[in-house]
Amino acid sequence: MLDKSYDPKKVEEKWYKIWEEKGYFEPTYDPEKPKFSIVIPPPNVTGVLHIGHALNNSIQDVLARYKRMDGYDVLWVPGTDHAGIATQNVVEREIAKEGLTRHDLGREKFLERVWKWKEQYGGRIIQQLKKLGASCSWKYERFTMDEGLSRAVREVFVRLWEEGLIYRGDYIINWCPRCQTALADLEVEFENVKGKLWYLKYPLEDGSGFIVVATTRPETMLGDTAVAVNPEDERYKNFIGKTLVLPLVGRKIPVIADPEVDPEFGTGAVKITPAHDFADFEIAKRHNLPFVKVIDEQGRMTEEAGSYAGLDRFEARKRVVEDLKAQGLLEKEEDYDLVLGHCYRCHTVIEPLISKQWFISMKPLAQPAIAAVKYGFIKFVPENWNNLYFDWMYNIRDWCISRQIWWGHRIPVWYCEECGEVIVSREDEVKECPKCGSSKLKPEEDVLDTWFSSALWPFSTMGWPEKTKTLETFYPTSVLVTSFDIIFFWVARMIMMGLHFMGQIPFRHVYIHALVRDEKGQKMSKSKGNVIDPLEMIEKYGTDALRFTLIALAAQGRDIKLAESRIEGFKHFINKIWNASRFVLMSLEGTELSGKFDVEKLPLFSKWILSELQKSIKKVRQKLDEFEFDQAAMEAYHFFWNKFCDWYIEVSKIYMKNPEFERDTKEVLLRVLKDSLKLLHPFVPFVTEEIWSKLPLKESEHIIVAPYPVVDTSLISERSEREVSLIQEVIVGIRSVKSDYNLTSKKELKVIFKAENQTSLELLEREKEVVKTLSRIEEFSCVLEHQRKKGEVSLVLSQGELFVDLTGLIDVKKEIERLTKEKGRVEKKLEQVSKKLSNRNFLERAPKEIIEKEKRIKAEMEEKLAKIERYLGELKNDDS
RNA sequence: GGGCGGAUAGCUCAGGGGGAGAGCACCGGCCUUACAAGCCGGGGGUCAGAGGUUCAAAUCCUCUUCCGCCCA
């Protein structure tokens, strides 16, 4: 016997352990089975499970469990990402508590600390995924800095180098002065901020006047090497080619013309600082201007900045403005809204600067990746993400892959100090220059962008560059489940790398799910205090409730606005599953069942529930196959609660009292419960497994490996669906009359059903007990003819009429009110339909079925209206 | 500036040319032997606005307003 309510804490841990011990999560390589594989989007080692992970992994788990039950050999590769900058920051903060910086420790010692940290905390998120019930193939767990994956990284780097797709060069890049590293374009977050626009006067060398330039970053003027104007700009035509004297510095700089200059901005003349501005960098290259670097990697002014050298960039800004003002060279300053780039990790204002970095040429890699999506080899779900992907890929820029941090894959390059040779090698260590034989080699200090190793994840985790059985069996993977914010960072790059190195797409589908936000639609963040912690929710409501909520809300391509109350609501559903099962188990006690029944001999509602079950199985499968998880979940929910619990279980109580039906009803109860549990298992694994363990006649010891329900078309019965819907109409009708008159507990009411035909009459006669019990009345008779008596309330149904004897209780006024309202509804509908049917165009052009349907509705409404009118007339008579 | 979504019941959303739906919330009644975390009944909508296409528009098209997000 089950407890009175479901307690997740008692069972969740137990079942997860059993599943793991039995090896259910691991693939079997059974050649008979079709294959299904997923690689996890590896969470950062620094991470703790947040609600986004919970959603992402719940969805993957639904797929993995569904496919596993459906006979697939499933591999779900789990793992974690070393998260270069993020992790380094965490450990730096930790040693800062001891008063140390990473430079105090030195590279080697610092990395030891990071590894130690990783050993200690890196497994947290994995443990949390287990709490969530994620059925990952743990024997395949990988870490992006594992030996094998590191080997893959080096191999890829070397091959790309050999193919000429990797190069090193002086480029302007985004620099984070706090993290002390270059950032890729994608790693910069832009934000609107209030700033100022300063108008600076640059004197002409010949003393004939000034050109005024506007800037939001006056300190960069120290590095100006030109002023540019638009060649079409009449105001400045005469200045082109002249020389200016750069204030505070005294450098002579030219006025140049470039079509990229926006004449609308500021004065139309712009200062050119090639070393510290992306647009200026491009212009300078076109015009062969010199590059003067005035801000260094710490965000301080360099020697080139003369007397400002050593000042912080923001301090220098103030000083430059003051000094220009003093010299009368500041024309004005005004408030200005500008867009500033910030480091996505530490939120420091980034500084564009020139530096030597490693890049990958993306254009050649992008082409096949575009084609793969264009020709449908990879499908985004929902497909409107295609456009975003294409836009990005068509305009792709080279990827800056070097980072000036210590935690990450070291770039496998050595420089010969004798002959300057650049050596790129697959080996861990290079001892000797292959060109000059020198042993004086200096290794590259930089590490690779974290996303470099992530890009290889689908095949590196399966053992590439070895030709492994895993790769052969499970690559390409079936689907990638992720959210849209990393389409560029990750998805696009995996497609490019997968195609380039495996010669095959990495996955067939990319399912893009929503981002979880709070109930007001805002991004959850610790600082806003609106975070819903999945672990806390699991503690409070149980894992199944959390999972079901996330999936039920996960409509495609939308934000998920999550309020805690939703989780609480779905916890009720979990409890409902528990209690319905409890009822079935109680009913079955003491009966030996066979698992078989003769469908033909089953009573109406048994046929009906089996038929409804088939429809639900079909729908759930279809929705899962289409990645419409919310609809799959809701279909299972409705079937279970509104059909099985609300109707069938209630009716079964009556059937079981009848010796003729008792046994088969139990068989059907068990059958429907078992199929429902299986249907629900991918969504709510723990409660279903716990109940399964108590059931008789199971086709497998554990539900996790039980076969997913398959539609049995022989059980679909449209006839019983029609019949049941009439009976339900009768029952609901009686209930509503009783409720309207506050008679819910009164049983001794006389109810007469006036059937429209013999068939309906017989049907209701047969199911009399059901009607009486479910509507809680004692007298129910079915007739073909009946004249309403005074004191009877009449209810017009689609196939007949109900009469409830309320002598002495009837409230004529209230009844007239109700009927008038109903009459209004019917008349409105009738009017709509009649209008359509009297329209010649409609009759000529609309499809036959539609016309037939409209005619049917019209007849139905007319009949209903006649009955209502007749009844209204009678009531008024009663009254007088 | 460019692009993509969205606007449907009090709230959160589904539906995507042929009778306006769900969950939650709300109101009323029930301790009915699985479940009060429950059962039964009920109220509530010019489907953002304007125009168009169509026999027929919440649904397709155009414009407007507002709200998100992404890119520059």
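Chain naming here is simple, since letters A, B, ... match the order of the sequence lines and numbering starts at 1 in each.
Within 4.0 Å of D646(A), counting heavy atoms only, lie sugar-phosphate atoms of the nucleic acid but no base atom. Residue-level contact check: V833(A) touches neither bases nor backbone, having no heavy atom under 4.0 Å from any strand. Within the 4.0 angstrom heavy-atom criterion, no nucleotide atom of any strand lies near R840(A). If you check every strand for non-hydrogen atoms under 4.0 Å, Q832(A) touches nothing. No contact: L843(A) has no heavy atom under 4.0 Å from any strand. Backbone-only contact: S736(A) has heavy atoms under 4.0 Å from sugar-phosphate atoms and none from a base. Contacts of N387(A) with the nucleic acid, taken as non-hydrogen atoms under 4.0 Å apart, are absent. In this structure, K653(A) reaches the bases: a heavy-atom distance under 4.0 Å links it to at least one base atom across the strands shown. If you check every strand for non-hydrogen atoms under 4.0 Å, E844(A) touches nothing.
Ranking rC35(B), rG28(B), rG19(B) by closeness to the S739(A) side chain, first place goes to rG28(B). Of the candidate nucleotides rC40(B), rG19(B), rG18(B), rC40(B) has the atom lying nearest to any side-chain atom of R735(A). Listed candidates were rC70(B), rA34(B), rG18(B). Nearest to the side chain of E854(A) is rG18(B). Here rG18(B) is the nucleotide among rG41(B), rG18(B), rA34(B) with the atom lying nearest to any side-chain atom of I850(A). Side-chain proximity of K836(A) to rA37(B), rG18(B), rU32(B): nearest is rG18(B). Closest to the side chain of I649(A), from the set rA34(B), rG18(B), rC35(B), is rA34(B). Set against rA34(B), rU12(B), rG28(B), the side chain of A580(A) has rA34(B) as its closest nucleotide. Proximity note for F484(A) (side chain, C-beta onward) versus rA37(B), rC69(B), rU12(B): the nearest is rC69(B). The listed nucleotides are rA34(B), rG41(B), rA36(B); the one nearest the side chain of F583(A) is rA34(B).
Two rings, from W641(A) and Y637(A), have their centers less than 6.0 Å apart. Ring centroid separation for the pair Y6(A) and W578(A) comes in under the 6.0 Å cut-off.
Put simply, CD1 on I487(A) is 13 Å from C1' on rC71(B), counting in whole angstrom units. In this structure, NE2 of H638(A) is placed 8 Å from P of rA22(B), rounded to the nearest angstrom. The distance between atom CG of N395(A) and atom P of rG1(B), rounded to the nearest whole Å, is 20 Å. Between M656(A) atom CE and rA34(B) atom C1' the separation is 10 Å, expressed in whole Å. Whole-Å rounding puts the W641(A) CH2 to rC35(B) C1' distance at 9 Å. We find that CG of N386(A) is positioned 15 Å from C1' of rG5(B), with the value rounded to whole Å. Whole-Å rounding puts the E189(A) CD to rA72(B) P distance at 12 Å. Separating the CH2 atom of W385(A) from the C1' atom of rG5(B) is a distance of 8 Å, rounded to the nearest angstrom.
Ring geometry for F629(A) versus Y511(A): interplanar angle over 60°, hence perpendicular rather than tilted (30 to 60°). Using bins of under 30°, 30° to 60° and over 60° for the plane-to-plane angle, the ring pair F548(A)/F683(A) lands in the perpendicular bin.
When side chains are defined from C-beta on, D740(A) does not count as touching V793(A), because their heavy atoms never get closer than 4.5 Å.
H638(A) contributes a side-chain N or O that, together with a main-chain N or O of M634(A), makes up a donor-acceptor pair within less than 3.5 Å.
Under the Watson-Crick or G-U wobble criterion, with both distances below 3.5 Å, rC26(B) is paired with rG42(B). Base pairing of rG1(B) is made with rC71(B), judged by Watson-Crick or G-U wobble geometry with both donor-acceptor distances under 3.5 Å.
The shortest distance between the side-chain N/O atoms of K853(A) and the OP1/OP2 oxygens of rG19(B) is below 4.0 Å. Contact annotation: K4(A) reaches the phosphate of rA36(B) (side-chain N/O to OP1 or OP2, under 4.0 Å). Considering only side-chain N and O atoms, Q631(A) lies under 4.0 angstrom from the phosphate OP1 or OP2 of rG15(B). Regarding contacts with the backbone of rC35(B), every side-chain N or O of H572(A) stays at 4.0 angstrom or more from both OP1 and OP2. Between K576(A) and rC39(B), a side-chain N or O to OP1/OP2 separation shorter than 4.0 Å is present.
Salt-bridge formation is not detected for the pair K772(A)/E779(A): no Lys NZ or Arg NE/NH1/NH2 atom is positioned less than 4.0 Å from an Asp or Glu carboxylate oxygen.
With both ends at atom P, the span from rC61(B) to rG18(B) equals 15 Å, rounded to whole Å. Nucleotides rA48(B) and rA57(B), compared at atom P, are 15 Å apart to the nearest Å. Here, rU59(B) and rA9(B) have their P atoms 15 Å apart, quoted to the whole Å.
At a cut-off of 3.5 angstrom, the base of rA34(B) holds at least one donor-acceptor pair with the side chain of E650(A).
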